[in-house]
Student: 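So that we are looking at the same thing, I have put the structure below in structure tokens.
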Amino acid sequence: MGEAKKVDPYLIDRIPITKNMDHAYLLEVGGLCPLCGKNLLVAKGNSKSKLYQIAHIYPNSPLQAEIIELDGLERLGTNCEDFKNKIALCKDCHGLYDDNKTKNEYLRLVGLKKKLLNLANARVSASHQDIEDEIILVINALSTANMKTLKRMELENKALKISEKIEDTYPILKTKIESYVCIYFNFIKETFRNLEDSGQLNFNIIASEIRTTFLKCEKEISVKSDIFSSLVNWLHSRVSSSSYEACEVVVSYFVQNCEVFNEITE
């Protein structure tokens, strides 16, 4: 064991990465290098060839120059072999990162890893939250809606509540939700009402489940676009037969209906 490891309890001997752990790192980044976006697997005949390596964010055996450069900066995990201190990178990015890493490069990778960890925690929290099976009836109704009906029911107030809940710093998210709400809000509202009147669902239960899942995601994630994506992914996982876009529409409905996101405070 090197001299640095003798005086720094964070630094421990390398722990071999198992096949399952290797797969976990690959899943965490969605199969893409988080630094350059390159695919980490490539098809080779009937198999896949690895184009990635598992990188230490804080080095396992730092050079003296790295110890000085990274002194006092945040470290992830309880030691350098912790899952939190490693990340899947393409071979090129791993090589560049390990070659005279700078404080900014290190902090960027720390930030990326923290975001990935928060998203994973949100997925786990949301996965424990059920949703009434009857939500499928509403999602299925979206696929049968025709443009004439939607046009007739389009909101004239242009989703005013959205501006009160989503800052202008989220222009893509804001535009997407406003568009969905203006087109589909009244249609979904009427669908919920008809299904509830016929005894096929209880809207308050579904709304409560959506609200609870939002609060669980908000506890782990602060970026609203990531919260929205997490809610959509959760709903889609529960109603796998539906389209992803239909789940976006339903989550947008609950943004307007006040179960998702809170009013912006000054």
Student: Please report the C-alpha distance between K115 and D226 in whole Å, then the side-chain angles of each, then the deciding distance to 0.1 Å, and finally whether the side chain to side chain contact (heavy atoms under 4.5 Å, CB included) criterion is met.
Tutor: CA-CA 10 Å; K115 179 178 179 179; D226 290 338; 3.0 Å; yes
Student: State whether a side-chain donor-acceptor pair under 3.5 Å links R75 with Y10.
Tutor: no
Student: Can a cation-pi geometry be assigned to K176 and Y170, taking NZ or CZ under 6.0 Å from the six-membered ring centre and within 45° of the ring axis?
Tutor: no
Student: Between L76 and N85, which heavy-atom pair has the shortest distance, and what is it?
Tutor: O-CB, 3.6 Å
Student: Step through it carefully: locate the ring centre of F214, locate the ring centre of F254, and say whether they are under 6.0 Å apart.
Tutor: no
Student: Give a yes or no on whether a salt bridge exists between E69 and K101, defined as a side-chain N under 4.0 angstrom from a carboxylate O.
Tutor: no
Student: Would you say K189 has more than 12 foreign heavy atoms packed within less than 6.0 Å of its NZ?
Tutor: no
Student: Looking at every non-hydrogen atom in both residues, tell me the closest pair between N60 and I12 and how far apart they are.
Tutor: ND2-O, 2.9 Å
Student: Is there a chain of hydrophobic side chains (I, L, V, M, F, W, Y, each step under 4.5 Å between heavy atoms) that links V124 to I131?
Tutor: no
Student: I want to check something: taking the side chain as every heavy atom from C-beta on, are L116 and I87 in contact at a cut-off of under 4.5 Å?
Tutor: yes
Student: Under 3.5 Å, is there a donor-acceptor pair linking the side chains of S198 and Q200?
Tutor: yes
Student: Between the side chains of R123 and E220, is the shortest nitrogen-to-carboxylate-oxygen separation below 4.0 Å, so that they form an ion pair?
Tutor: no
Student: So, K86 and E81, do they make that salt bridge, N to O below 4.0 Å?
Tutor: yes
Student: So do N121 and K219 actually touch side chain to side chain, heavy atoms under 4.5 Å?
Tutor: no
Student: Using the six-membered ring wherever Trp is involved, compare the ring planes of F185 and Y253 and label them parallel, tilted or perpendicular (cut-offs 30° and 60°).
Tutor: parallel
Student: Taking the side chain as every heavy atom from C-beta outward, state whether V181 and V255 have any atom pair closer than 4.5 Å.
Tutor: no
Student: Among L32, L89, D22, which residue meets the side chain to side chain contact (heavy atoms under 4.5 Å, CB included) test with Y52?
Tutor: D22
